[in-house]
Amino acid sequence: MGEQIRLDRLVASQLPEVSRAGVKKLCLKCKITVNGKTVRRSDIRVDTDDEIIVDGKRIAYKKHIYIMLNKPQGVVCSTKEGESTTVLDLVPEEMRRSGLFPAGRLDKDTLGFVLITDDGELSHKMLSPRSHVPKTYLVQLEKPWEKEYESIMAQGMTIDGGERCLPAEFKGHDDDPCMCELVLHEGKFHQVKRMFSALGNKVVMLKRIAIGGLPLDPELALGRCLEIMHKDVERLLTK
Ligand code: URA
């Protein structure tokens with residue numbers, strides 16, 4: 001047994017192009033069946049495990065959706081329509097549904113992993129300052145990294161305005177003096193850029209490559225989305 005839910009709510013939540021009023025109209029046109037029976041009312045309660053067919057298409061009910069986006073530069077992490085393209089504009093039709101939002105923000109010029117979901121509870125757990133879910137960044141610096149960055153960041157550094165940062169893990173790449181990786185356990189405004197700036201360096205490219213224990217799929221092209229399978233969702237919260 002699944003969950004009991006109104007038919008119009010269930011259908012509208014799974015098909016972004018259909019509103020609740022639209023579900024009512026489809027019922028009146030005899031276009032919806034529940035467990036093989038045509039239903040004429042959209043306000044009946046159904047079980048999320050029921051076989052629901054809308055206009056010949058079976059609804060594969062999912063309570064929430066989790067989307068991995070490889071964000072390109074120039075795209076904003078916002079739900080508001082404005083001048084710039086938003087991360088939601090990059091979600092393909094088949095993954096769209098109402099209530100989607102980016103869980104956490106990357107700057108307009110930052111690339112990489114953005115989670116887009118309609119699960120407020122998971123987003124809260126992932127972003128809450130107390131949860132300390134790690135976020136891993138690949139960073140290209142203007143000047144070569146220095147050995148002491150590791151210990152300075154491990155102690156928890158102070159950035160401009162006297163803000164204290166939690167200890168972070170720095171790892172310089174051996175094959176490129178300007179490339180490094182940084183794992184943060186919090187998300188202050190422009191944090192990576194401000195940390196390197198406090199060390200007298202400058203970030204020239206920033207890409208988020210993992211959230212919790214879930215890495216950005218290396219095969220995922222910039223600007224493309226991938227639905228995260230249920231077995232992988234809890235990796236987003238792994239410390
Ligand atoms: N730190 C930054 O400075 N920018 C981001 O987009 C993410 C982390």
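Just so it is clear, the values below take in all heavy atoms, side chains as well, and ignore hydrogens, waters and symmetry mates. Every value quoted in this text rests on a predicted model; they were computed, and no experiment measured them. When a ligand or atom number is given, it counts from 1 through the structure's own listing order.
- Looking only at protein heavy atoms, the nearest one to atom 4 (N) of ligand 1 is Asp107 OD2, 2.7 Å.
- Considering only non-hydrogen protein atoms, atom 1 (N) of ligand 1 sits nearest to Val192 N, 3.1 Å.
- Residue Tyr137 places a heavy atom less than 4.0 Å from ligand 1.
- Here the closest non-hydrogen pair linking Leu106 and Phe113 is CD1-O, 3.8 Å.
- His132 and Glu186 form no side-chain donor-acceptor contact under 3.5 Å, judged by distance and modelled atom types alone.
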*asked:* Set out, in order, the CA-CA distance, both residues' side-chain angles and the distance that settles salt bridge (charged side-chain N to carboxylate O under 4.0 Å, His left out) for Arg45 and Glu3, then state yes or no.
replied: CA-CA 10 Å; Arg45 288 185 93 73; Glu3 207 183 311; over 6 Å; no
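- When each atom of ligand 1 is checked for a heavy atom of Thr110 under 4.0 Å away, the hits are 4 (N), 5 (C), 6 (O).
- For Leu206, every heavy-atom contact with ligand 1 shorter than 4.0 Å involves the side chain, none the backbone.
- Taking every non-hydrogen atom of Gln191 and a distance limit under 4.0 Å, the qualifying atoms of ligand 1 come out as 1 (N), 2 (C), 3 (O).
- When all heavy atoms of Leu100 and Ile65 are compared, the pair lying nearest together is CD2-CG2, 3.6 Å.
- More than 12 heavy atoms of other shown residues, nucleotides or ligands fall within 6.0 angstrom of atom CZ in Arg194.
- Remark: ligand 1 and His190 share an N or O pair separated by less than 3.5 Å (distance only, no angle test).
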*What's the verdict on salt bridge (charged side-chain N to carboxylate O under 4.0 Å, His left out) for Asp107 and Lys193, showing C-alpha distance, side-chain angles and the deciding distance?*
CA-CA 10 Å; Asp107 298 337; Lys193 292 172 185 161; 2.7 Å; yes
